[in-house]
K.L.:
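Take a look at the following structure, please.
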Amino acid sequence: MSSAQDPFYIVKEEIQGSIDKLQSNFHQWERIDSGDQVHLTKDLLATSESIEWQVDELDKTISVAARDPAWFGINETELEKRRRWTSSARTQVANVKKAVIAGKDGLGTTSAMGLRRELMRMPDAHQTAGSNQYSADDNDDFISSESDRQLLLIKQQDEELDELSASVERIGGVGLTIHEELLAQEKIIDDLGTEMDTTSNRLDFVQKKVAMVMKKASAKGQMMMICFLLALFIILFVLVFLT
């Protein structure tokens, strides 16, 4: 962004052009006869009031920017330059206005000449242009550095977003791994439950058979049967739980 795109400098150039035209009309007003000055006098006074209003509005924007210079991307040095320019512009317009009013009201040659001499001490257009160029150059340097700072901030934000994206991907990967582990654990638990049901059914069948045999066998046979069943139970226990 160049100084030509800065809102302050855009308005400033417009006002400076109006002031230059005002001074040109004032010098023309000085050279014409008093009888022909009426129309030009009204035009000079109206233009002076319009420029004063524009300078006041521009001064208000400077006051707003002074509340938080960093937000508007300017510093105290730039604010002071802008204040000096509005003060100078206001003085130039006021001097023209005073000289015109003095001539209009016929305050005397001495008073009018004094105001004209005061007007002649104002900065000429070339000096003003040079000052504007310096201010524009300073503003370009500041805007350039500010643009570099903004680009650096954007780069840092992009890097932080990349890191955040990588963290989210890692968290997503961990979540998928946990989900797979839970599914595997659920399958193991289901398989264990199935084996427990099968073993329970087998034990119920064996108990029923033992009961039937106990009723039919003698005491000795019962003891042998008990020993046999105990050995069978141990074998089944080893096969089920230890293999």
K.L.:
Between Trp29 and Ala99, what is the shortest heavy-atom contact and its length?
P.N.:
CH2-O, 3.7 Å

K.L.:
Answer yes when Arg82 and Asp59 have at least one side-chain N-carboxylate O distance shorter than 4.0 Å, and no when they do not.
P.N.:
no

K.L.:
Distance-only, no hydrogens or angles: does the Ser165 side chain make a donor-acceptor pair with backbone N or O of Leu161 under 3.5 Å?
P.N.:
no

K.L.:
Going through the checks in order, is the side chain to side chain contact (heavy atoms under 4.5 Å, CB included) test met by Phe8 and Ile74?
P.N.:
CA-CA 11 Å; Phe8 173 83; Ile74 57 179; over 6 Å; no

K.L.:
Side chain to side chain contact (heavy atoms under 4.5 Å, CB included) between Asn75 and Leu79: does it pass, once the steps are laid out?
P.N.:
CA-CA 6 Å; Asn75 52 27; Leu79 286 172; over 6 Å; no

K.L.:
Would Arg83 and Ile62 count as a side chain to side chain contact (heavy atoms under 4.5 Å, CB included) if you check the C-alpha gap in whole Å, the side-chain angles of each, and the deciding distance to 0.1 Å?
P.N.:
CA-CA 7 Å; Arg83 292 191 187 100; Ile62 295 174; 3.9 Å; yes

K.L.:
If you look at every heavy atom in Leu40 and Gln28, which pair is closest and at what distance?
P.N.:
CD2-C, 4.2 Å

K.L.:
Roughly how far, to the nearest 0.5 Å, is CG of Leu232 from CZ of Phe237?
P.N.:
14.0 Å

K.L.:
Within the structure provided, determine whether Asp56 and Arg90 are in side-chain contact (heavy-atom separation under 4.5 Å).
P.N.:
yes

K.L.:
Is the shortest side-chain heavy-atom distance between Leu58 and Trp53 below 4.5 Å?
P.N.:
no

K.L.:
Which value, rounded to the nearest 0.5 Å, describes the distance between Ile19 atom CD1 and Lys12 atom NZ?
P.N.:
10.5 Å

K.L.:
If we check side chain to side chain contact (heavy atoms under 4.5 Å, CB included) with Val93, which of these qualifies: Glu49, Gln23, Glu52?
P.N.:
Glu52

K.L.:
Taking C-beta and beyond as the side chain, do Glu57 and Lys60 meet within less than 4.5 Å on heavy atoms?
P.N.:
yes

K.L.:
Would you call Leu22 and Ile51 a side-chain contact if the rule is heavy atoms closer than 4.5 Å?
P.N.:
yes

K.L.:
Under the side chain to side chain contact (heavy atoms under 4.5 Å, CB included) rule, what do Phe233 and Leu203 come out as? Steps first, then yes or no, please.
P.N.:
CA-CA 9 Å; Phe233 175 77; Leu203 288 175; 4.1 Å; yes

K.L.:
Do side-chain atoms of Ser200 reach the backbone of Met196 as a donor and acceptor pair under 3.5 angstrom?
P.N.:
no

K.L.:
Can you tell me if CZ on Arg202 sees more than 12 non-hydrogen neighbours from other groups inside 6.0 Å?
P.N.:
no

K.L.:
Not counting sequence neighbours, which residues clear salt bridge (charged side-chain N to carboxylate O under 4.0 Å, His left out) with Glu14? List them please.
P.N.:
none

K.L.:
Can you give me every donor-acceptor pair (side chain of residues 171-193, partner residue at least two apart or in another chain, under 3.5 Å) with its distance?
P.N.:
| from | atom 1 | to | atom 2 | distance (Å) |
| --- | --- | --- | --- | --- |
| Thr177 | OG1 | Gly173 | O | 3.0 |
| Lys187 | NZ | Asp191 | OD2 | 3.4 |

K.L.:
Counting only N and O atoms by type, is there a donor-acceptor contact under 3.5 Å from the side chain of Thr91 to the main-chain atoms of Ser87?
P.N.:
yes

K.L.:
Find out whether Leu45 and Lys97 are in side-chain contact, i.e. whether some heavy atom of one side chain is under 4.5 Å from a heavy atom of the other.
P.N.:
yes

K.L.:
Can you name the closest pair of heavy atoms from Leu44 and Val100 and give their distance?
P.N.:
CD1-CG2, 3.7 Å

K.L.:
In Å, rounded to the nearest 0.5 Å, how long is the span from CG of Leu230 to CD1 of Ile235?
P.N.:
10.0 Å

K.L.:
Please report the interatomic distance NZ(Lys21) to OG1(Thr47), rounded to the nearest 0.5 Å.
P.N.:
7.5 Å

